[in-house]
Amino acid sequence: MVTLRDALAAAVGHHQAGRLDAARPLYHSILRGQPGHPDALHLLGVLESQSGRPVAALPLLRRAVALRPGDADFLGNLARSLRAAGQSEKAERAFARTAALDPADVQAAFTLGTLRLERGDAAGAAAAFARALARLPDFAEARINRANALAALGRTEDAARLRRQAVALAPSHPDALHNAAVSALADAGLDRPLSHARRLDPELVERAGRALGHALAIDPQHGAAADALIGAALALVQAGQAPEWLLDRAARTALTVLRRTPRDTRAAAVVAYRFYRRGRTDLAARFMRRVSRRFTPSEVEADFELRLWSMVRAGRRGLDGLPDADTLQDSFPPLDLLAAPPAGSGPVLAVSCDDGYYRRFATGLLDSVEGAGGGAAVHVHVVNPSPETLADLARRRERLRLSYSREEVDFTGWDDHRRTTYYACVRFLRWHQLMVRWGRPLLHLDADCTLDGDLGAVAALLDGADVGLLRDARWRGPTREITVCFAAFQPTPRGRAFLASTAAYIGAFLRNGRGFWMLDQAAPFAVLDALERRGEGLRVRWFDILDFPWVRFIGEK
């Protein structure tokens with residue numbers, strides 16, 4: 001005669017051998033004979049959970065725990081099934097009871113820490129991981145996760161130490177490598193705003209990049225490592241501190257990411273910046289246009305990288321279909337010239353702004369022009385000037401060789417971004433109009449700067465050039481390479497054509513409602529790229545944004 005003990009032994013034998021379909025009816029048979037058999041309830045619950053049916057397992061495991069509330073194995077399996085069923089809060093409580101019942105259960109303490117970390121309880125998570133490590137010091141995953149919890153608590157040095165230890169314990173563990181890289185990037189300063197004045201430690205950047213590359217070589221699907229590498233590459237590109245090897249590695253990773261997630265715009269941007277770095281902005285622009293087709297116009301406008309790249313049309317055909325600059329004038333308010341410049345053929349310092357910027361900044365620039373002496377001719381264009389601004393300009397005309405103009409724009413319904421973009425960009429259409437009218441060299445300056453020297457020296461350096469452009473040689477992207485806080489346009493045929501094409505490029509985007517911040521810098525880059533690829537290159541006098549002693553720029557450039 002088969003006893004319950006024999007039936008249970010047979011069921012366990014099938015269960016341990018993986019023959020779940022053979023074990024299940026035996027467990028049910030036992031429970032029909034003894035519905036409250038705790039071992040049969042517990043083991044059938046474990047079987048159902050192993051079969052991918054944690055919800056079916058829960059009532060069985062709960063009954064088993066009720067019968068043996070002090071059994072840590074019963075409670076631990078209930079906790080695991082609760083977690084598999086998506087009942088995280090109940091699972092966390094069950095794991096806490098399991099860890100208390102059996103302090104030697106390292107996995108229960110680890111999972112408890114993981115659940116607390118997912119819930120945002122960094123302090124509770126750190127304590128649970130510490131208990132796991134006290135029992136098993138070589139537990140690399142617990143060390144990694146405790147480091148993450150400590151980092152969330154602001155204990156960055158302790159987190160970095162644990163991450164280094166985790167890599168030493170498990171040098172081929174992708175999570176350990178990823179977390180060590182994150183610490184290295186933070187130590188390098190990537191977690192704070194970057195500028196050319198605050199360089200990152202290149203050794204730490206290299207250490208982080210190599211660790212992320214190693215993690216992805218071990219596990220090409222490691223999403224966190226891929227995201228960290230792509231994010232680091234983008235931040236370093238924008239700061240002008242991206243080493244070639246890092247951008248190359250990030251671009252290869254980004255292509256893998258895009259195959260899985262075609263709408264990952266950060267990954268797409270890294271690929272585009274790599275094309276740009278290789279001198280193929282035309283390929284970069286075409287690539288980003290294809291990516292943009294996956295998004296609605298409002299999504300493009302909301303995404304930083306898609307928005308930037310939507311304004312870049314590079315390559316031989318970058319200017320194809322561009323309207324004539326003069327035909328665009330009817331799409332914009334008329335230029336009202338209120339005071340003409342003094343007679344002559346010398347250069348005119350050209351400044352454009354709105355009324356608020358005039359009061360905040362342009363008055364300081366005009367003061368610096370007056371203080372510099374030299375009798376420079378200055379033209380100020382103001383969008384929607386107030387009577388006070390016009391009165392100030394009239395008074396300054398008594399002391400300066402000053403001309404000025406205005407335009408009146410109805411900004412009703414415009415948001416701040418669109419309005420600010422208009423202020424920054426429309427000036428190039430106005431400079432084209434004034435170039436046609438006056439035929440004189442124009443030295444354009446941002447309103448928010450001051451002279452720090454005689455611009456006559458700059459004018460002398462422009463002799464024989466068609467344009468003078470200020471360049472950021474840190475390879476920060478096509479919307480950052482030519483910085484238009486200064487630009488010079490000469491009345492040569494090619495200088496006029498360059499200014500006309502830049503004005504037309506900007507005007508077409510503004511007219512079609514697709515102009516965003518930094519359009520004024522995307523336009524000259526795209527125009528210059530197209531002209532050079534068509535063999536119509538200009539004679540450009542380049543100046544370095546980091547070494548331009550004649551002007552003091554306000555803010556980071």
Side-chain angles (χ1 to χ4, degrees), residues 196 237-240 242 272-273 275-282 284-285 288 307-315 318-319 322 325 350-352 421 423-429 431-432 435 441-449 458 461-462 465-490 494-510 515-534 536-548 550-551 553 555-557:
H196 68 269
V237 164
Q238 291 162 7
Y273 284 119
F275 279 132
Y276 155 76
R277 180 74 71 91
R278 298 295 180 89
R280 295 306 306 270
T281 308
D282 54 331
M288 290 303 286
R307 191 168 66 234
L308 283 186
W309 283 97
S310 74
M311 300 181 290
V312 179
R313 297 286 185 270
L319 306 183
L322 202 65
V351 181
S352 175
T421 299
Y423 296 147
C425 294
V426 76
R427 52 191 175 173
F428 290 94
L429 281 81
W431 301 159
H432 165 68
M435 175 69 81
L442 296 178
L443 305 182
H444 154 77
L445 270 183
D446 274 354
D448 58 346
C449 64
V458 177
L461 291 172
L462 291 167
D466 297 308
V467 296
L469 297 173
L470 199 57
R471 187 175 199 172
D472 187 333
R474 294 172 291 178
W475 293 98
R476 299 173 64 207
T479 59
R480 301 180 183 92
E481 184 171 318
I482 296 176
T483 57
V484 292
C485 37
F486 166 83
F489 306 102
Q490 298 281 71
R494 289 192 174 183
R496 289 170 180 264
F498 177 80
L499 179 55
S501 293
T502 301
Y505 193 103
I506 288 171
F509 273 90
L510 291 179
F516 309 116
W517 186 248
M518 297 183 83
L519 171 62
D520 56 334
Q521 298 192 162
F525 178 94
V527 170
L528 188 63
D529 184 82
L531 294 176
E532 288 178 345
R533 293 184 186 278
R534 288 174 4 188
E536 302 172 18
L538 308 171
R539 296 169 298 174
V540 181
R541 175 60 168 91
W542 289 106
F543 298 93
D544 186 349
I545 182 62
L546 302 181
D547 184 21
F548 194 71
W550 299 280
V551 176
F553 300 110
E556 177 67 30
K557 296 296 184 183

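Once rounded to the nearest 0.5 Å, the distance linking CZ of F516 with CG of L308 reads 10.0 Å.
Remark: R533 pairs with R280, D282, R316, D529 by the side-chain contact (heavy atoms from CB on, under 4.5 Å) rule, at least two apart or across chains. Evaluation of the side-chain hydrogen bond (donor to acceptor under 3.5 Å, both in side chains) rule for R496 yields no partner, not counting sequence neighbours. By the side-chain contact (heavy atoms from CB on, under 4.5 Å) test, A465 is found to be paired with R541, residues two or more places apart in sequence or in another chain being considered. In this structure R278 satisfies the salt bridge (charged side-chain N to carboxylate O under 4.0 Å, His left out) test together with E244, D248, sequence neighbours excluded. Residues satisfying the side-chain hydrogen bond (donor to acceptor under 3.5 Å, both in side chains) criterion with E481, sequence neighbours excluded, are Y276, R471. Every ring pair (Phe, Tyr, Trp, His ring centres under 6.0 Å) that Y273 has, sequence neighbours left out, goes to W309. Partners of R427 under the salt bridge (charged side-chain N to carboxylate O under 4.0 Å, His left out) rule, at least two apart in sequence or in another chain, are D446, D520. Taking the side-chain contact (heavy atoms from CB on, under 4.5 Å) definition, one finds that A488 meets it with L443, L462, F486, sequence neighbours left out. Judged as a salt bridge (charged side-chain N to carboxylate O under 4.0 Å, His left out), and not counting sequence neighbours, E532 has no contacts. Residues that satisfy the salt bridge (charged side-chain N to carboxylate O under 4.0 Å, His left out) test with D466, not counting sequence neighbours, are R539. F525 is linked by a ring pair (Phe, Tyr, Trp, His ring centres under 6.0 Å) to nothing, counting only residues two or more places apart in sequence or in another chain. For L519, the side-chain contact (heavy atoms from CB on, under 4.5 Å) criterion is met by M311, C425, Y505, I506, F509, L510, not counting sequence neighbours.
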### side chain to side chain contact (heavy atoms under 4.5 Å, CB included) assessment of R480 paired with Q238
CA-CA 9 Å; R480 301 180 183 92; Q238 291 162 7; 3.5 Å; yes
#### Entry: Audit row: L322, R313, side chain to side chain contact (heavy atoms under 4.5 Å, CB included) steps and yes/no
CA-CA 11 Å; L322 202 65; R313 297 286 185 270; over 6 Å; no
#### Entry: Pair W431-T502, side chain to side chain contact (heavy atoms under 4.5 Å, CB included): steps then yes or no
CA-CA 10 Å; W431 301 159; T502 301; over 6 Å; no
### Query
Please walk me through it: do W542 and L469 pass side chain to side chain contact (heavy atoms under 4.5 Å, CB included)?
CA-CA 5 Å; W542 289 106; L469 297 173; 3.6 Å; yes
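In this structure a side-chain-to-backbone donor-acceptor pair under 3.5 Å is present from T421 to W517.
Nearest heavy atom pair, residue A325 against residue A500, reads CB-O, 3.5 Å. The shortest non-hydrogen separation linking V527 to S501 is CG1-CB, 3.8 Å. Pairing each heavy atom of L319 with each of R534, the nearest pair is CB-NH1, 3.8 Å. When every heavy atom of A242 is checked against every heavy atom of R277, the shortest pair comes out as O-NH2, 3.0 Å. Taking all atoms of both residues into account, the shortest heavy-atom contact from H432 to A503 is CB-CB, 3.9 Å. Shown here for G537 and R494, the closest heavy-atom pair between the two residues is O-NH1, 2.6 Å.
Taking the six-membered ring for Trp, H444 and F428 have ring centres closer than 6.0 Å.
Using a 4.5 Å cut-off on side-chain heavy atoms (C-beta onward), F553 and L470 make contact.
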